[in-house]
Each structure stands twice: as C-alpha cells, then as structure tokens.
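One structure below.
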Amino acid sequence: MKNGAFVTFEGIDGCGKSTQLERAADWLETEGFPVLRTHEPGGTPIGRKIRRVLLDPANRKLCPDSELLLYLADRIQHLQEVILPAKASGTLVLCDRFHDSAVAYQGYGRGLDLTATASIVQNHIIPNLPDLTLWLDLPPKMALERLKQLRGANMLDRLDSETPGFFQRAQAGFAELAQANPERFVRLDGTSDIETLHQQVVACFQDRILS
Ligand code: TYD
C-alpha cells in the first residue's frame with residue numbers, strides 16, 4: 001500500500017472510540033504501516049489553544065454559534081497543518097473525532113442551523129472527508145455510566161455535563177449520518193467487548209483501506 005488514508009473514529013462521549021483507535025494504531029504499526037494518531041479538538045498547537053476555550057467549564061457564556069466556529073477553525077487548521085500533509089506522504093491518519101462530531105453535537109445536539117456555515121464546510125471539509133469512519137454505537141445511558149466510572153462524577157468537563165437529552169440527540173445524529181453515508185461509515189456495536197470490537201476494526205481496515 002503506497003497511498004495514505006484518513007480514518008476517523010466517531011461516537012458519543014464514553015463510546016470507546018479512543019480505546020479502539022489506540023488498539024488499531026498499535027496493530028497497524030506492528031504490521032509495518034506508517035501511522036499518525038491525532039484527535040479533535042486540539043490536533044495542532046493552535047488547536048490546543050482553541051480546545052482549552054471549548055472545554056473550559058468556566059466558559060458558560062460561549063455562544064453556540066461561536067462554539068461551532070471554533071470547532072471549524074480547529075478542524076481547518078488540523079487538516080492543513082497535519083492531516084492532509086501526512087496522508088499525502090503515505091501515512092495512515094487515525095483521527096479521534098472529525099466533522100461528523102460537529103454535525104451530531106452542534107447540529108443535532110444543540111439544534112443549530114448549520115446552513116450558516118455551509119460554505120466553510122463546502123470549501124474545507126467536503127473535499128477532505130475521511131476515507132473511512134468507524135462509528136461506535138453505544139446507548140447514551142451506558143456511555144454516561146462508563147464516563148462516570150472513568151473520570152469520576154465531579155471531573156466532567158463542560159460537554160460531559162450536558163443533559164442526557166443532548167446525547168440522545170447527538171446519538172440520533174450519528175445514526176442518520178451513518179445511514180446517509182454508507183460508503184464511508186461503518187457502524188460497530190459499542191456494547192461488544194474491547195477484543196471483539198478490535199477484530200471488527202481490523203477487518204474494516206483490511207477490507208476498505210489496506211486491500
Ligand atoms: P474530548 O475530551 O476530546 O472527548 P472525547 O474523548 O469523547 O472525544 O472532548 C471533546 C468534546 O468535544 C466531546 O465532548 C465532543 C465535543 N465535540 C463537539 O461538540 N464538536 C466537534 O466538532 C468535536 C470535534 C468535538
């Protein structure tokens with residue numbers, strides 16, 4: 001395989017995507033492929049500054065539209081500075097969240113009208129969509145339980161303290177995105193154990209990226 005690829009891992013907070021990304025990256029490296037692990041928000045130095053603003057629980061005054069534009073600013077910077085050059089050099093770029101998260105969280109979760117940002121998305125995101133998106137589908141109740149165990153009830157950041165309804169809507173958003181983009185999306189059952197999921201992720205890479 002000479003070409004690089006851009007693969008994203010998506011799902012609501014606590015769905016297990018970061019664990020699967022790490023396992024997939026480890027496996028690909030063992031197989032001898034050049035791999036870059038990255039994430040949004042915060043995949044560049046500028047993006048890390050944006051991330052601090054986005055996830056600071058003190059920023060209650062952050063307007064929903066400002067929030068959306070900050071996610072997009074982070075994404076454009078990440079694409080130009082990291083994702084596209086790495087993919088062009090033949091690297092497999094594995095990214096924890098990408099634009100589907102904005103559609104699910106800001107669009108479906110917050111109910112924002114995304115048409116105001118359509119031209120930004122058309123110019124910067126649509127030409128650079130992932131080659132494959134792995135969606136870990138886990139019911140919001142189970143995801144929230146996992147998060148509480150993982151981080152402790154008092155250590156939730158601004159987004160983690162959203163209402164359960166927010167995550168239900170975001171979850172419905174991911175489901176609609178998966179249905180509307182079957183050529184790019186693969187749904188994985190997030191209730192499966194880590195090893196079973198890893199084998200399914202490996203099979204996806206073999207079928208869709210490495211063959
Ligand atoms: P993070 O700590 O990276 O969580 P996770 O491991 O679940 O990705 O926090 C990122 C948060 O930002 C997460 O709650 C999802 C949210 N988010 C959006 O709302 N819109 C976006 O476009 C992106 C990329 C993330």
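Counting starts at 1 for both ligands and their atoms, in listed order. Position 1 is the first residue of the sequence; numbering continues from there. For the numbers below, each heavy atom of this structure counts, side chains included, while hydrogens, waters and symmetry mates do not.
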Inset, instruction - Give the numbers and elements of all ligand 1 atoms closer than 4.0 Å to a heavy atom of Lys17. - result: 5 (P), 6 (O), 7 (O), 8 (O)

Inset, instruction - Indicate yes or no: does an N/O atom of Phe98 lie under 3.5 Å from an N/O atom of ligand 1? - result: no

Legend entry - Residue from Asp26, Thr38, Leu94, Thr8 passing side-chain contact (heavy atoms from CB on, under 4.5 Å) with Leu21: Leu94

Inset, instruction - Measure from the ring center of Phe6 to the ring center of Phe98 and say whether it is less than 6.0 Å. - result: yes

Legend entry - Name of the residue among Arg146, Lys148, Arg97 meeting salt bridge (Lys or Arg N to Asp or Glu O under 4.0 Å) with Asp13: Arg97

Inset, instruction - Give a yes-or-no answer on whether the side chains of Glu176 and Tyr108 include a donor-acceptor pair shorter than 3.5 Å. - result: yes

Legend entry - Min N/O separation Gln106 to ligand 1 under 3.5 Å: yes

Inset, instruction - Please identify which atoms of ligand 1 are closer than 4.0 Å to at least one heavy atom of Glu40. - result: 24 (C)

Legend entry - Backbone or side-chain N or O of Tyr105 under 3.5 Å from ligand 1 N or O: no

Inset, instruction - May I ask whether Glu67 places a heavy atom under 4.0 Å from ligand 1? - result: no

Legend entry - Close approach of Arg97 to ligand 1, heavy atoms, under 4.0 angstrom: yes

Inset, instruction - Give the single entry among Arg51, Glu10, Arg75, His78 that approaches atom 3 (O) of ligand 1 most closely by any heavy atom. - result: Arg51

Legend entry - Distance-only side-chain donor-acceptor flag, Tyr105 / Asp100, under 3.5 Å: no

Inset, instruction - Answer with side chain, backbone, both or neither: which part of Asp74 has a heavy atom less than 4.0 angstrom from an atom of ligand 1? - result: neither

Inset, instruction - Decide whether Glu40 and Ser101 meet the rule of one side-chain donor and one side-chain acceptor closer than 3.5 Å. - result: no

Inset, instruction - Evaluate whether atom CD1 of Ile194 has more than 12 neighbouring non-hydrogen atoms of other residues, nucleotides or ligands under 6.0 angstrom away. - result: no

